[in-house]
Amino acid sequence: MRIVSLAGGIGGARFLRGLLTAAPDSEITVIGNTGDDINLYGLRVCPDLDTVMYTLGGGIDEEQGWGRRFESHVVKEELAAYGVEPQWFGLGDRDFATHIVRTQMLDAGYPLSAVTEALCARWQPGVRLIPMSDDRTETHVVISDERGRRAIHFQEWWVRLRASVPAEQIILVGADDASPAPGVLESIAAADAVILPPSNPVVSIGTILQIKGVREALGGKTVVGVSPIVGGAPVRGMADACLTAIGVETTAQAVLELYGSSLVDGWLVAEEDAGVALDGVDVEARPLIMHDIESAAAIARAALDMAVRLAGRRADPPAPYAGSPAANGSGVPTRTRETPEEGV
Ligand code: GDP
Ligand code: CA
């Protein structure tokens, strides 16, 4: 089975690890958000791509959910000793190496998609990871503070200000001129199912959907989404601040309406959100907290089962994936991918 997933950082990566466990024999393509990307100290940093790559490749700091495990921060301390800004973005020493390699390759003329493929050759994430675009786009946030009304980089709002200043507008700068990276539209066209992980609907999934042709390509596919909002709150992080900025309530219902029935065919909500409904969309309630790899896999399995069922209503249903109840009669995956660490 060919599966395409759109993904941000932590929520996306943890879900994808479950998806790999649930459907080990599937061909999974991940279209990663690059709206969070930023230049720091002359280096190109792609936080969401790296979170997916490190999480699936066994290199993530599990506690934090981003950055490298066994990390040290000597370079950051030395930069601070020189008074170099910004000091609010924490890059560790091991992580720095990734950004150095990326920047060297970009400077040599390789597109980000080729660079990402090269970085993944080391991490072997088990999925094909493609940036949404090779063209530079950046999410900027319009705020008003003592310096007046101005736009700042998403990372400055998110990391330095912890989203404490209300966002008046969230804009993907460069979206109009950005083309999908090679493989983005092709993988969607070839997909048997598209799964939207519980990534941020505004600055992760919403960003990818702004790339030319992506929304249209998804229109012809069976798409199942997992709600990132459980019981009226993001499970972790500050997604509520992003939703408020675009005038959307922080509920599983409002996020479903934001996506709309033209995008999603199926929607998984948490049990406390049972009752969420939208014409033209199948809604199923089940536990949606990713405590560990198994609970993430159970959510992924439910999303895939739903996708297979919904695709079955179309003319050309996909073959069941290896872990599906239809394939082995039990709902238990036939093979579990080895992961270096337990716990998410
Ligand atoms: P980011 O780029 O690191 O912010 O990560 P994503 O955009 O991929 O995902 C962030 C979103 O994941 C948050 O807004 C949360 O709503 C959602 N999230 C995190 N953990 C869980 C979980 O255990 N269950 C569900 N349903 N959503 C989660
Ligand atoms: Ca992100």
Side-chain angles (χ1 to χ4, degrees), residues 5-19 30-38 45-56 60-67 89-90 129 131-132 137-139 141 153-159 162-163 170 172 195-209 224-246 248-252 254-256 258 267-273 276 284-300 302-303 343-344:
S5 232
L6 315 187
I10 302 178
R14 290 183 174 179
F15 176 83
L16 289 167
R17 192 156 57 176
L19 186 61
V30 178
I31 301 170
N33 172 41
T34 57
D36 290 15
D37 295 5
I38 186 167
V45 180
C46 302
D48 285 359
L49 292 179
D50 289 348
T51 296
V52 170
M53 183 174 79
Y54 293 156
T55 301
L56 300 185
I60 198 78
D61 179 325
E62 292 286 346
E63 286 275 292
Q64 212 171 231
W66 53 273
F89 202 92
L129 176 62
M132 63 188 195
T137 58
E138 266 176 20
T139 302
V141 178
H153 192 286
F154 170 74
Q155 295 294 356
E156 187 174 357
W157 181 64
W158 194 251
V159 179
R162 307 288 305 156
I170 297 178
L172 183 64
I195 308 288
L196 305 182
S199 283
N200 189 310
V202 184
V203 295
S204 294
I205 305 279
T207 307
I208 302 169
L209 292 175
V224 171
V226 180
S227 177
I229 305 299
V230 170
V235 180
R236 56 180 1 256
M238 305 158 291
D240 48 328
C242 302
L243 288 165
T244 303
I246 61 161
V248 173
E249 270 181 55
T250 303
T251 62
V255 175
L256 170 58
L258 171 68
W267 187 236
L268 290 184
V269 298
E271 286 158 317
E272 51 266 58
D273 296 312
V276 165
E284 209 176 279
R286 51 163 306 108
L288 284 196
I289 303 297
M290 300 184 283
H291 298 288
D292 49 26
I293 296 177
E294 246 333 295
S295 48
I299 299 169
V344 179

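The chain is numbered in sequence order, starting from 1. Computed over heavy atoms, backbone and side chain alike; hydrogens, waters and symmetry mates excluded. Both counts, for ligands and for their atoms, begin at 1 and track the order of listing.
What sits closest to atom 4 (O) of ligand 1 on the protein, heavy atoms only, is W158 CZ2, 4.5 Å. Looking from atom 26 (N) of ligand 1 to the surrounding protein, the closest heavy atom is S227 O, 2.9 Å. For atom 8 (O) of ligand 1, the closest non-hydrogen atom of the protein is S199 OG, 2.6 Å. Ranking the protein heavy atoms by distance from atom 5 (O) of ligand 1 puts I10 N, 3.0 Å first. For atom 27 (N) of ligand 1, the nearest non-hydrogen atom of the protein is P198 CB, 3.4 Å. Looking only at heavy atoms of the protein, atom 15 (C) of ligand 1 is closest to R236 O, 3.5 Å.
At under 3.5 Å, a nitrogen or oxygen of G9, whether backbone or side chain, sits near a nitrogen or oxygen of ligand 1. Backbone and side-chain nitrogen or oxygen atoms of M290 are examined, and one is located within less than 3.5 angstrom of a nitrogen or oxygen of ligand 1. Between V226 and ligand 1, a contact under 3.5 Å exists for no N or O pair. Where the criterion is an N or O separation shorter than 3.5 Å, residue side chain and backbone included, G12 meets it with respect to ligand 1. Distances between N or O atoms of D48 and those of ligand 1 include at least one value under 3.5 Å. Residue A239 places no N or O, backbone or side chain, under 3.5 Å from any N or O of ligand 1.
For the atom pair CG of D36 and CG of D50, the computed distance is 11.0 Å after rounding to the nearest 0.5 Å. Atom NE2 of H153 sits about 4.0 Å away from atom CD1 of I38, to the nearest 0.5 Å. The distance from atom CD1 of I60 to atom OG1 of T51, rounded to the nearest 0.5 Å, is 5.0 Å. Between the CD1 atom of I205 and the OG atom of S5 there is a distance of 7.5 Å, given to the nearest 0.5 Å. Here the straight-line distance linking atom CE of M132 with atom CG of L6 works out to 10.5 Å at 0.5 Å rounding. The CZ atom of F15 sits 6.0 Å away from atom CD1 of I195, with the distance rounded to the nearest 0.5 Å.
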Practice task
Decide yes or no on side chain to side chain contact (heavy atoms under 4.5 Å, CB included) for V235 and I289, but give the supporting numbers first.
Solution key: CA-CA 8 Å; V235 180; I289 303 297; 3.8 Å; yes
Exercise for the section: Could you walk me through whether D273 and T251 pass the side chain to side chain contact (heavy atoms under 4.5 Å, CB included) test, one step at a time? Expected result: CA-CA 8 Å; D273 296 312; T251 62; over 6 Å; no
Practice task
With side chain to side chain contact (heavy atoms under 4.5 Å, CB included) as the test, would you mind laying out the steps for S227 and L288 before giving the verdict?
Solution key: CA-CA 8 Å; S227 177; L288 284 196; 4.2 Å; yes
Problem - Residue pair N200, W158: steps toward the side chain to side chain contact (heavy atoms under 4.5 Å, CB included) verdict - result: CA-CA 13 Å; N200 189 310; W158 194 251; 4.2 Å; yes
Handout entry: Intermediate values then yes/no, side chain to side chain donor-acceptor pair (under 3.5 Å), D292 and S295
Key = CA-CA 6 Å; D292 49 26; S295 48; 2.7 Å; yes
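Applying side-chain contact (heavy atoms from CB on, under 4.5 Å) to E284 and the options V224, V269, L268 leaves one that passes, L268.
When all heavy atoms of T250 and P234 are compared, the closest pair comes out as CG2-CD, 4.0 Å. Closest heavy-atom contact between D37 and P47: OD1-CD, 3.8 Å.
Near P234, with a cut-off below 4.0 Å to any heavy atom, the atoms of ligand 1 are 16 (O). The contact set between ligand 1 and N200, taken as ligand atoms under 4.0 Å from a residue heavy atom, comprises 6 (P), 7 (O), 9 (O), 10 (C), 11 (C). Of all the atoms in ligand 1, the ones that sit under 4.0 Å from a non-hydrogen atom of L288 are 22 (C), 23 (O), 24 (N), 25 (C), 26 (N).
With waters left out, the protein N, O or S atoms under 3.0 Å from the Ca ion (ligand 2) add up to 3.
Here P228 has heavy atoms under 4.0 Å from ligand 1 in both its backbone and its side chain. Neither the backbone nor the side chain of T51 has a heavy atom within less than 4.0 Å of ligand 1.
Side chain of W267 to backbone of V255: no donor-acceptor contact under 3.5 angstrom is found.
Heavy-atom proximity to atom 7 (O) of ligand 1, evaluated over S204, G206, G8, is greatest for S204.
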